[in-house]
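A short worksheet on the structure shown next.
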Amino acid sequence: MEVIDAPQRTRKVGTLQQAAALIKDGDTLAFGGIHSHNGPMALIREIIRQGTKSLKLIANVSAGMPADLLVGAGCVDTLMVCYVGLEHLGMAPRYREAAEQGRIKIIDGDEIYYVLGLKAGALGLPFVPYPPGHEARDNPKREPTYQRTLDPYTGREIIVSPAIAPDVGIIHAARCDPYGNVVHLGSVVADDLIAKASRRTIVTAEEIVPLESIQADPKRTSIPGHYIDMVVKAPFGAHPLSCHGVYNHDEAAIRDYRDADIDAYLREYVFGPKDHFAYLEKFGIERLLNLRESL
Amino acid sequence: MEVIDAPQRTRKVGTLQQAAALIKDGDTLAFGGIHSHNGPMALIREIIRQGTKSLKLIANVSAGMPADLLVGAGCVDTLMVCYVGLEHLGMAPRYREAAEQGRIKIIDGDEIYYVLGLKAGALGLPFVPYPPGHEARDNPKREPTYQRTLDPYTGREIIVSPAIAPDVGIIHAARCDPYGNVVHLGSVVADDLIAKASRRTIVTAEEIVPLESIQADPKRTSIPGHYIDMVVKAPFGAHPLSCHGVYNHDEAAIRDYRDADIDAYLREYVFGPKDHFAYLEKFGIERLLNLRESL
Amino acid sequence: MQSTMSKSSYSTGELMAVAIARQMKHHDGDWAAVGAYSQLPAAAMKLARILYAPNLWWLAGGGGAINSSSKLVTSTSDHRVLRGAEYVMNMEDIVDIEMWRYSRDNGKIVAVVGGIQIDQYGSSNMVCVGDYAAPKVRGVGTVGLCFGVSFGIVYFFTMHHTPRIFVEQVDFVSSPGHTPERKKYVPPLCQGPQLVFSPLGIFDFAPATGTMRIKSLHPGVSVDEVQSKTGFPLGVPEQVLETEPPTAQELAVLRTQVDPDGLLRELRITR
Amino acid sequence: MQSTMSKSSYSTGELMAVAIARQMKHHDGDWAAVGAYSQLPAAAMKLARILYAPNLWWLAGGGGAINSSSKLVTSTSDHRVLRGAEYVMNMEDIVDIEMWRYSRDNGKIVAVVGGIQIDQYGSSNMVCVGDYAAPKVRGVGTVGLCFGVSFGIVYFFTMHHTPRIFVEQVDFVSSPGHTPERKKYVPPLCQGPQLVFSPLGIFDFAPATGTMRIKSLHPGVSVDEVQSKTGFPLGVPEQVLETEPPTAQELAVLRTQVDPDGLLRELRITR
């Protein structure tokens, strides 16, 4: 039977410009992916383009170029570090320089601090309580956001670290439907936790798939759409990083970034191109399509 | 090239008898599934058959017949309750009677106590810290395993509940390979957490699939085999409950259980049949196959 | 166009499902949890998404289906509920969202739950009748009612309306209603119980006293009848409204798309 | 049968991968974690599962692949690593198992990790060189070394053997070695660092002092050479063993099944 006058479901689809505008100066910003994979690079370039400042950046569990670029562009005030580096390509140069010169505040986390902090943020737990042993490490001694409390079951003093609840989380995935249901074809890493812990979450996706393709296999959905506030179509939106299941990372482009003068790089690849497709044009269709590799 | 003299991977396949023998008198035992779905019933019948006593049973998040049957058979000393009932079929009669007569000790949990308790057990966290609000509920007041401590970030006194780390976890799933890699075709509920938190975990499965079928789609694996100590092939091993993705629950058989004299039921369906297939014979192939329903 | 049918042409279950569905107009874009043994709210969520709140997200109980679009079945954790869903939550997912969603600014968490006792302040009990240490009836356990202090909004539904369910004071607070302790401890964004959908009517809570009062009575129900079946004095408004019966469109969608097997008409509902 | 090849016929990377793989004989049935920038241990795990420890479970870094059986690639979080894996962990899964596995009696958690500094007690540092407040070099961060107090056993590997890496005392303890604080706080089942695999040799820790000592030196390496490249006095056993070079079978499996692209031969390893 025909349903008359029923309201229609609202598509959450927006543009990179609209998405970047949701991130305000001073926000706590988390981004997804890991190393040279699945970073929301097109959106990060747009955030820089919009001149966003004083971000408290929650670098992902092993962050490379996304964190380094935001630091190099002067957008970052405080950086929560679990790992920031370029894996086999060496140190992340702008992060290292900014940290050594004291231009950014570092919060020295690690995998537990980051992952269980986000989990506590998602749940609203007051803190993360640690089992014994971490007293022997320097992070809880040197990083002042760790605290202590009592374990009432043993009477022992324990270490705790804070819940992490970002203002905005940004992730990149292979597929998303217009209502925010995300499908990762490869590793999810902590993208699901970022979506759960953040007050708002934006997904950029290689393609926007119809709802029916989600409903056909709901167990493939990696993040349910109720956590997602905006969906942006961004093909090759992780370039020069990989998008798992769709294309490999462009290692030469990452090396070029590493070795470049940061201001020249920003002029050429961020402020120069008028939009994401103009950025992609700088690499050309042959190079991009040769990165394609499914799982 | 041919590899000479290399050792072979060890299959973890065992029998229901061997699996039940891993559960000792007095053990803390957790079981998977929810309501009338995915309970490891064949193994539970074998545990009863072996006369296991004084179990500390961690009933699943919404437990029905598995908990009621173990209580009715006199195997349970302490019962952690989140929900024990028969959903639309009413109360779980042996649980209710044993609780009202004080024959079992009840730990009054709930979804947070159970799920985050298992999570803390998996992680080895000393306890679960609660956000404000739960002071207004009676569980933290009446159930003595809750405690209080200080939130050093706010100076506020908070509620905490204990980590849960069962001695043995038992779950039932549609598929498992010989090395313990599990595939749920439907809901996982807390089966993954049970496997993570328990010192040993046993899987009963409708079928044992080859490793290659797991490797063909590793993102379908719901629990990695490193958590699994024994794999048992048990077709219709959840009967009279459903196995998600394979067959529906046998509601008439659950009603019959509910209304039966428990001793008569145990004689006929647990102690009488010499093994699991003899149990299935009591229902017959037509009835069983008519329960089949894929997703 | 939206003609009203006579009382005899729909069941109380259908009436209640429609009433809950209409309330979901206020929750378009919000996220709603439905528990076990919950055909009424499950049908309501399906109906609401078709007619009134297409942006409503809802969870079918412990099975974890988000936005299940299959036909109504008895158990919300039945695997058939997963068909046509958009995501399947495990228990960690469920606790993650139900424990603390009010920190997000893009949607409230709503729940439609029940209890073996509900009192005049909207406290709910699933644990025991009588003394906790030696109960007359041992209940199923607090289960998801622990989230009663983290949900943004709680709605109750009951399949029966008797003085044994609607008691002056619950014997165990699984989830607190408008109690002094809620006021003292629970963040104000977690607003607690707002409405009760029973087989006799719809009830809300007086802001001043936090006590239950009649909002509307279902067709054919009198104030005397509902008061006689309630274990505490109900607030009675100056003008007692009648619950608007299901429209032809609501019933048609319910019977063709939501509940083609007619489960709502077979529910054992006590009036 | 298992003939030994001459030194020139294998690379130091291949030698180290084989040495780590052989150590995994002791971990058949255990669970091993390999991090980022870890071609050596990743190759070792693959080789070990084929030749020595078929029941070894291993995690390829942050990408989360369990028992990856694809050919070696540069990054352990590359999606190509997921091919032929048995499970894909997300970060919650990884933390769940790496934080507390010693409570289980069916297998140890083992890790093969590195550091920008490793000291004589096996403490490891990824955070800074020099003063923490004003570092000469700001490191990448502690990342997974936080599990150094929960892993059952820790192995180190390094791509270089220099006094800048092997220091008397680390400037920041990302993961504690055999320190008084480990003894005081860390459960004894978490045994801490057991071996160090460097381009010059294999090192263990003297039980009495907890300090690093030579276990074996790779072919062609002298005690003087390794001592001159180490920032603290190494323990020297009465008889210094030579690391057994790869056998023909090990090299064949490595080059045909594990690393057909020869990444181990291209690694920038400093001797």
message = Ring-plane angle category for A/H88 and D/Y37, please: parallel below 30°, perpendicular beyond 60°, tilted otherwise.
response =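 Taking D/Y37 first and then A/H88, their aromatic rings sit tilted (interplane angle of 30° to 60°).
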Give the minimum heavy-atom separation between [X] and [Y], together with the two atoms involved.
X	Y	value
A/G85	D/V140	CA-CG1, 4.0 Å
A/S187	D/G63	OG-O, 2.5 Å
D/G62	A/V189	O-CG2, 3.9 Å
D/P187	A/P132	CD-O, 3.8 Å
A/L295	D/R83	CD2-CG, 3.9 Å

Give, as side chain, backbone, both or neither, the part of [X] having an atom under 4.5 angstrom from any heavy atom of chain D.
X	answer
A/Y95	side chain
A/L86	neither
A/I106	side chain

inquiry  = If I take atom OG from residue D/S75 and atom NE2 from residue A/H37, how far apart are they, to the nearest 0.5 angstrom?
reply    =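 Reported value, rounded in 0.5 Å steps: 3.0 Å.
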request  = Could you tell me the separation between the NE2 atom of A/H184 and the CG atom of D/N90, rounded to the nearest 0.5 Å?
outcome  =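 Going from NE2 on A/H184 over to CG on D/N90, the span is 10.0 Å.
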Is any side-chain heavy atom of [X] closer than 4.5 Å to a side-chain heavy atom of [Y]?
X	Y	answer
A/D110	D/F147	no
A/S242	D/D78	no
D/K184	A/E135	no
D/T76	A/E87	yes
D/E98	A/I112	no

Chain D: which of [options] shares the most heavy-atom pairs with it under 4.5 Å?
options	answer
A/D108, A/I34, A/L116	A/D108
A/E251, A/R96, A/R137	A/R137
A/D191, A/V81, A/D192, A/N139	A/N139
A/S62, A/C82, A/A63	A/C82

request  = Check whether more than 12 heavy atoms from other residues, nucleotides or ligands sit under 6.0 Å from atom CZ of D/R80, and answer yes or no.
outcome  =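 Count over threshold, so yes.
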inquiry  = Could you walk me through whether D/V173 and A/K141 satisfy the side chain to side chain contact (heavy atoms under 4.5 Å, CB included) test, starting with their C-alpha distance in whole Å, then the side-chain angles of each, then the deciding distance to 0.1 Å, before giving a yes or no?
reply    = CA-CA 10 Å; D/V173 180; A/K141 288 181 204 159; over 6 Å; no
Interchain contact, [X] with chain A, by part (heavy-atom threshold 4.5 Å):
X	result
D/L267	neither
D/K183	neither
D/V170	neither

key: Residue among A/M91, A/Q101, A/E97, A/E100 satisfying side chain to side chain contact (heavy atoms under 4.5 Å, CB included) with D/R138   =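 Testing each of A/M91, A/Q101, A/E97, A/E100 against D/R138, the sole residue satisfying side chain to side chain contact (heavy atoms under 4.5 Å, CB included) is A/E100.
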inquiry  = Between A/K119 and D/V95, is the side chain to side chain contact (heavy atoms under 4.5 Å, CB included) condition met? List the steps.
reply    = CA-CA 11 Å; A/K119 181 78 172 179; D/V95 174; over 6 Å; no
key: chain A contact residues among residues 123-135 of chain D, heavy-atom distance under 4.5 Å   =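 When heavy atoms of chain A are the reference, residues 123-135 of chain D contributes D/V127, D/Y132, D/P135 within the under-4.5 Å range.
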request  = State which residues pass side chain to side chain contact (heavy atoms under 4.5 Å, CB included) with D/S198; sequence neighbours excluded, sorted by chain then number.
outcome  =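 Only D/T158, D/H161, D/F166, D/L200, D/F203 meet the side chain to side chain contact (heavy atoms under 4.5 Å, CB included) criterion with D/S198.
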request  = For the pair D/T142 and A/E111, evaluate side chain to side chain contact (heavy atoms under 4.5 Å, CB included) and give the outcome as yes or no after the intermediate values.
outcome  = CA-CA 8 Å; D/T142 286; A/E111 286 192 23; over 6 Å; no
